[in-house]
Protein chains: 2
Amino acid sequence: MRKNKYHAIYKEWTDKIKTGEIKAGEALPSENELAESYNTSRETIRKALNLLSQNGFIQKIKGKGSIVIDVQKMSFPISGLVSFKEISKNFTAEPITTVHDFGLIKPDPFIKQQLNASSKDEIWKVIRSRAIGGENIILDKDFFLKKFVPTLSKQICEGSIYEYLEKELQLNISFAKKEIVVEDCTEEDRGYLDLEGFSHIVVVKNYVYLDNASLFQYTESRHRLDKFRFVDFARRGV
Amino acid sequence: MRKNKYHAIYKEWTDKIKTGEIKAGEALPSENELAESYNTSRETIRKALNLLSQNGFIQKIKGKGSIVIDVQKMSFPISGLVSFKEISKNFTAEPITTVHDFGLIKPDPFIKQQLNASSKDEIWKVIRSRAIGGENIILDKDFFLKKFVPTLSKQICEGSIYEYLEKELQLNISFAKKEIVVEDCTEEDRGYLDLEGFSHIVVVKNYVYLDNASLFQYTESRHRLDKFRFVDFARRGV
DNA sequence: CAGTGGTCTAGACCACATT
DNA sequence: ATGTGGTCTAGACCACTGT
C-alpha cells in the first residue's frame with residue numbers, strides 16, 4: 001500500500017509474528033543486523049521497530065534486544081478507531097445491518113454541541129442496528145456534517161460508510177476521541193434492540209476528526225451489556 | 001525528570017497547550033524554526049512533535065504545519081495505564097481506600113491462568129474498595145507474582161502500590177493489556193460495594209508487564225455502572 | 001570486553017500547500 | 001518559488017547487558 005520503507009519492514013514483521021513464524025519470547029535480529037539485511041540505515045529500522053513496540057508486538061530491552069510479546073493473552077487488540085465491519089470479523093456469526101432512519105436534519109442543541117456545528121449546518125443522521133446471531137445487540141447513531149460529506153445514501157449506510165468515505169470521497173480520517181460510559185436504556189434502544197430485560201446499555205461515544213483536524217462526525221454506538229467487549233494495549237509513561 | 005532533549009521539548013509544549021498559552025487551532029512554529037530556537041537538529045524536534053501528535057495534542061499537516069487540537073471536547077484522556085490515585089485526581093471529592101483482604105496465596109486455577117503462573121509460585125492477593133463521596137463504588141482485586149514483588153504490606157496497599165513498586169522496588173512497569181466487559185455482580189461485589197440495586201458491574205481487567213516483558217500483575221477493577229467512565233484518544237491506521 | 005538499544009546530528013531529497 | 005512536514009542516510013556517542 002504505502003511505499004515507506006519502514007512501514008514495509010513493520011508489516012513484514014507483524015506478519016511473521018501473527019503467523020507464529022516468530023514466537024513470543026524470541027528475539028528479533030539486532031538493529032544493526034536488520035539495517036544490513038534490508039540495506040538501509042539503522043534509524044529507518046528503528047522507526048519500524050518503534051511501530052512494532054507501540055502496537056504491542058515487541059518489547060525493546062536495552063542491551064539485550066527486541067523480543068516478541070505474547071499476543072495470545074487476549075484476542076488481538078481491536079482498540080482505537082474501528083468500524084463495525086472490522087469489529088465483526090472477530091465474530092463467527094454473520095452480522096446484519098438494518099437502517100432504521102436516514103436523512104438530512106437541522107442540528108438539535110445536543111448534536112450542535114457535539115459537532116461544534118452552527119445552526120446553518122446540515123447534518124446527516126443515520127440510525128442502524130446490528131444483528132449478530134439473530135439478535136439485535138448494537139445500535140449505531142451516526143451524525144455527519146454535510147459540509148464534509150456532500151452525498152450519502154441509504155444503500156451506502158447498509159454497507160460500510162467508512163469504506164465509502166475513504167475510498168469514494170477520499171476523506172482522510174485521522175484520529176478520534178472516544179468515551180465509554182453506561183447509561184439507562186432509552187425508548188429508542190428498546191424499540192430497535194433485543195434487550196432481554198437489561199435496563200442499562202454501554203455507550204461508546206466517538207468524536208471523529210479528519211487529517212486537517214476538523215471534527216466531521218459524532219457517533220454513539222450502543223451495545224447490549226452482555227455483548228460488549230473492549231480491548232486495549234497501552235504503554236506506560238508519557 | 002528524564003534528561004532527553006526531545007522529551008524536555010515535548011513537556012514544554014504540552015504545558016503551553018494545557019495552560020492555554022497556545023489555543024486550539026493555532027499553529028506551532030515550524031520544525032526548522034524549532035530546531036533553530038532549541039539549537040538542535042530537526043529529527044530531534046520531530047521526535048518531540050510525534051509525541052505530541054500521538055498523545056492528541058497536535059495534528060501535523062503536510063505543507064502547512066502543526067496545529068493544536070481542541071482538548072476540551074472531553075476532559076483530558078486518562079486512558080492507558082493509570083492507577084486509581086491518578087484517576088481520582090479528576091474527582092473533586094476525597095477518595096478513601098479500604099483494604100479488605102491482604103495476604104500471600106497459592107494460585108487457584110483462574111489466577112494461575114491469568115498470570116501464567118506455576119503451582120509453586122506464590123502470589124500476593126489484595127482486595128480493596130474505593131469510596132468517593134461516601135459511596136464505595138470501585139472494587140480493586142490485585143494479584144502480584146511474589147517473585148517480582150518480594151515484600152508487600154497492608155499499609156502500602158492503603159496508599160499507592162504503584163508508587164511503592166516504582167520508587168521502592170525500582171520495578172519498571174512498561175505496558176499493559178486491558179479488557180473492559182460487563183459482568184453480573186458477585187456476592188463479593190455486593191459485600192464490599194454500595195451497589196444501589198445495580199445487578200451488573202463494569203470490569204476492567206489489566207495484565208501488567210515489566211520492561212523485560214514479564215507479566216507480573218493481574219488486576220480486576222470493578223466499577224459501579226453509573227460511575228464508570230473511560231476516555232481514549234486513538235489515531236487511525238497502523 | 002563486545003554487542004545491544006537510546007539519543008542526537010547535519011545533511012539530503014521528496015510531496016504537499018500557499019503565494 | 002518558497003516553506004512546510006515526511007522520509008532516509010551515515011555517521012557519532014552513550015547506557016546497558018552479557019561474557
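Small disclaimer: the values here were computed from a predicted structure and weren't measured. In the text below, chain A, chain B and the rest are named by the order of the sequence lines, each starting its count at 1.
Under the side chain to side chain donor-acceptor pair (under 3.5 Å) criterion, B/Thr151 pairs with B/Tyr164, not counting sequence neighbours. Every residue meeting the side chain to side chain donor-acceptor pair (under 3.5 Å) condition with A/Thr44, not counting sequence neighbours, appears here in chain and number order: A/Ser41. Applying the salt bridge (charged side-chain N to carboxylate O under 4.0 Å, His left out) test to B/Lys154 and every residue at least two apart in sequence or in another chain returns nothing. With sequence neighbours excluded, no residue satisfies ring pair (Phe, Tyr, Trp, His ring centres under 6.0 Å) with A/Trp13. Scanning for side-chain contact (heavy atoms from CB on, under 4.5 Å) contacts around A/Asp108 gives A/Phe110, A/Ile111, with sequence neighbours left out. Under the salt bridge (charged side-chain N to carboxylate O under 4.0 Å, His left out) criterion, A/Asp15 pairs with A/Lys11, sequence neighbours left out.
Between B/Asn212 atom CG and D/dC16 atom P the separation is 16 Å, expressed in whole Å. If you take NE2 of B/His7 and P of C/dC8, they are 11 Å apart, rounded to a whole angstrom. Distance B/Asn4 CG to C/dG5 P: 18 Å, rounded to the nearest Å. The CG atom of B/Asn50 sits 17 Å away from the P atom of D/dT4 (whole-angstrom rounding). Rounded to an integer number of Å, the gap from NZ of A/Lys60 to C1' of C/dG3 is 15 Å. The CG atom of A/Leu51 sits 13 Å away from the C1' atom of D/dT7 (whole-angstrom rounding). As a whole-Å value, the separation of A/Lys47 NZ from C/dG5 C1' is 17 Å. What separates CZ of B/Arg46 from P of D/dT4 is a distance of 13 Å, to the nearest Å.
Looking only at side-chain heavy atoms (C-beta outward), A/Leu51 and A/Thr14 stay at 4.5 Å or farther from each other. Here the side chains of B/Arg235 and B/Ser53 are in contact, with some heavy-atom distance below 4.5 Å. Using a 4.5 Å heavy-atom threshold, the side chains of B/Tyr10 and B/Asn50 count as separate.
A sub-4.0 Å separation between OP1 or OP2 of D/dC8 and a side-chain N or O of A/Tyr6 is absent. For A/Thr44 and D/dT7, the shortest distance from a side-chain N or O to OP1 or OP2 is not below 4.0 Å. Remark: A/Ser66 is not in phosphate contact with C/dT4, judged by side-chain N or O atoms under 4.0 Å from OP1 or OP2. The shortest distance between the side-chain N/O atoms of A/Lys5 and the OP1/OP2 oxygens of D/dT9 is below 4.0 Å.
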- line: Pairing string of DNA chain C (Watson-Crick or G-U wobble, both atom distances under 3.5 Å; | = paired to other strand) is .|||||||||||||||||.
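Note on residues 45-55 of chain A: pairs passing salt bridge (charged side-chain N to carboxylate O under 4.0 Å, His left out), not counting sequence neighbours, are A/Glu31-A/Arg46. Residue pairs satisfying the salt bridge (charged side-chain N to carboxylate O under 4.0 Å, His left out) criterion with at least one member in residues 20-29 of chain A, sequence neighbours excluded, are absent.
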Going by atom type alone, with no hydrogens or angles, which donor-acceptor pairs under 3.5 Å involve a side-chain atom of residues 141-148 of chain B and a protein atom two or more places apart or on another chain?
unit_1: B/Lys141; atom_1: NZ; unit_2: B/Glu188; atom_2: OE1; d: 2.8
unit_1: B/Asp142; atom_1: OD1; unit_2: B/Gln217; atom_2: NE2; d: 3.0
unit_1: B/Asp142; atom_1: OD1; unit_2: B/Thr219; atom_2: OG1; d: 2.7
unit_1: B/Asp142; atom_1: OD2; unit_2: B/Arg128; atom_2: NH2; d: 3.1

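Applying a 4.0 Å cut-off to non-hydrogen atoms, none of the residues of residues 28-38 of chain A approaches DNA chain D.
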Give me, pair by pair, the N or O atoms of the protein and of nucleotides 10-18 of chain C that are less than 3.5 Å apart, along with how far apart they are.
none

